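For clarity, every value in this text was computed on a predicted model and none was experimentally measured.
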Amino acid sequence: MKRACVVLVAIALLGFGAVSQAAEDDVAVIVNKSNPAGSLAMTELRKILLGPRPKWSSGMDITVLMTQPGQSERSATIKIVCGMSETDFMLHFVRTWRKHDGSSNAASGDAPRVFDSGAQLRQSVASTPGAIGFIKASQVDNSVRVVAIDGNLPGQAAYKLKLQ
């Protein structure tokens with residue numbers, strides 16, 4: 001009986017290790033803790049990224065934050081959510097600005113604010129009520145809240161935002 005309990009505990013611990021490893025291979029969508037959004041559909045996330053930028057249900061403007069081009073969490077987000085390469089993503093904003101005579105406004109879809117690291121991005125989301133950001137799930141801490149995408153969170157089998 002004692003041996004069976006030890007085996008069950010070992011299996012449970014192995015299972016938890018697999019979940020955390022899976023989460024480390026995911027991109028977490030994070031928001032400020034005061035933001036009431038708990039879940040977004042992938043189509044909503046695409047609209048948030050590409051504009052015209054909607055507002056949160058509270059009426060607050062959405063501020064999109066991303067890491068520098070070339071970082072895995074940014075590349076995966078652009079590819080999976082928008083179906084684009086980094087070049088196409090940046091060209092989208094150039095075309096949008098040209099359409100609006102070079103003026104940059106939220107209605108036309110501002111390009112995301114860019115940070116050198118996931119830690120800097122997380123700190124900015126934590127201090128900006130309308131912010132949404134994309135970081136490696138392993139970089140999440142309790143200063144921000146993770147938003148479910150299509151009802152799934154990082155580490156769950158059906159979660160779609162995986163690092164490439």
Side-chain angles (χ1 to χ4, degrees), residues 22-100 102-156 159-164:
E24 289 179 18
D25 293 337
D26 292 344
V27 177
V29 179
I30 59 171
V31 296
N32 183 280
K33 286 179 119 178
S34 68
N35 190 319
S39 183
L40 294 168
M42 189 68 77
T43 54
E44 291 174 298
L45 202 52
R46 181 179 167 86
K47 286 179 187 174
I48 289 170
L49 278 170
L50 296 177
R53 197 109 9 0
K55 295 181 182 288
W56 292 112
S57 60
S58 65
M60 186 176 301
D61 286 336
I62 296 175
T63 303
V64 177
L65 311 179
M66 296 184 92
T67 53
Q68 292 284 343
Q71 292 191 21
S72 60
E73 61 272 32
R74 178 185 174 107
S75 300
T77 299
I78 292 169
K79 181 178 179 181
I80 296 165
V81 177
C82 303
M84 296 178 167
S85 67
E86 178 68 42
T87 302
D88 291 337
F89 184 69
M90 293 312 293
L91 284 173
H92 166 78
F93 294 103
V94 169
R95 289 182 194 120
T96 301
W97 290 328
R98 284 187 183 156
K99 252 190 237 180
H100 293 77
S103 68
S104 173
N105 65 49
S108 64
D110 288 338
R113 288 181 28 204
V114 177
F115 292 83
D116 289 332
S117 72
Q120 289 174 338
L121 188 150
R122 184 187 64 235
Q123 289 171 343
S124 187
V125 168
S127 63
T128 308
I132 186 170
F134 306 86
I135 62 173
K136 293 175 183 171
S138 61
Q139 296 176 315
V140 172
D141 66 15
N142 64 1
S143 67
V144 294
R145 193 157 42 79
V146 177
V147 175
I149 304 302
D150 291 335
N152 297 291
L153 290 167
Q156 294 181 323
Y159 191 71
K160 296 176 185 166
L161 287 174
K162 305 280 183 194
L163 291 173
Q164 303 299 315

Original post:
Considering only heavy atoms from C-beta outward, does the side chain of I149 approach that of L40 to under 4.5 Å?
Top reply: yes
**OP:** Rounded to the nearest 0.5 Å, what's the gap from NZ on K162 to NZ on K79? Could you check?
**Re:** 14.5 Å
Original post:
Rounded to the nearest 0.5 Å, what separation is found between the CG atom of L163 and the CG atom of D26?
Top reply: 7.0 Å
**OP:** Determine the minimum heavy-atom distance between V114 and R74, stating which atoms define it.
**Re:** CG2-NH1, 3.9 Å
Original post:
Just by distance, do the side chain of W56 and the backbone of G130 share a donor-acceptor pair under 3.5 Å?
Top reply: yes
Original post:
Measuring from S127:OG to N32:CG, what's the distance to the nearest 0.5 Å?
Top reply: 8.0 Å
**OP:** Decide yes or no for F134 and L45: does some side-chain heavy atom of the first lie under 4.5 Å from some side-chain heavy atom of the second?
**Re:** yes
Subject >> Inter- and intrachain pairs under side-chain hydrogen bond (donor to acceptor under 3.5 Å, both in side chains), touching residues 39-48, at least two apart >> reply: none
**OP:** Please report the closest heavy-atom contact between A131 and V125, naming both atoms and the distance.
**Re:** CB-CA, 3.9 Å
**OP:** Enter the distance from T77:OG1 to I135:CD1 here, rounded to the nearest 0.5 Å.
**Re:** 10.5 Å
Original post:
What pairs meet the salt bridge (charged side-chain N to carboxylate O under 4.0 Å, His left out) rule with one or both residues in residues 131-144, with sequence neighbours excluded?
Top reply: R122-D141
Original post:
If you take all heavy atoms of V81 and M42, which pair is closest and at what distance?
Top reply: CG2-SD, 3.7 Å
Original post:
Within the distance-only criterion (no hydrogens, no angle test), does the side chain of E73 pair as donor or acceptor with the backbone N or O of A137 below 3.5 angstrom?
Top reply: no
Subject >> Under 3.5 Å: donor-acceptor pair, side chain of D61, backbone of K55 >> reply: no
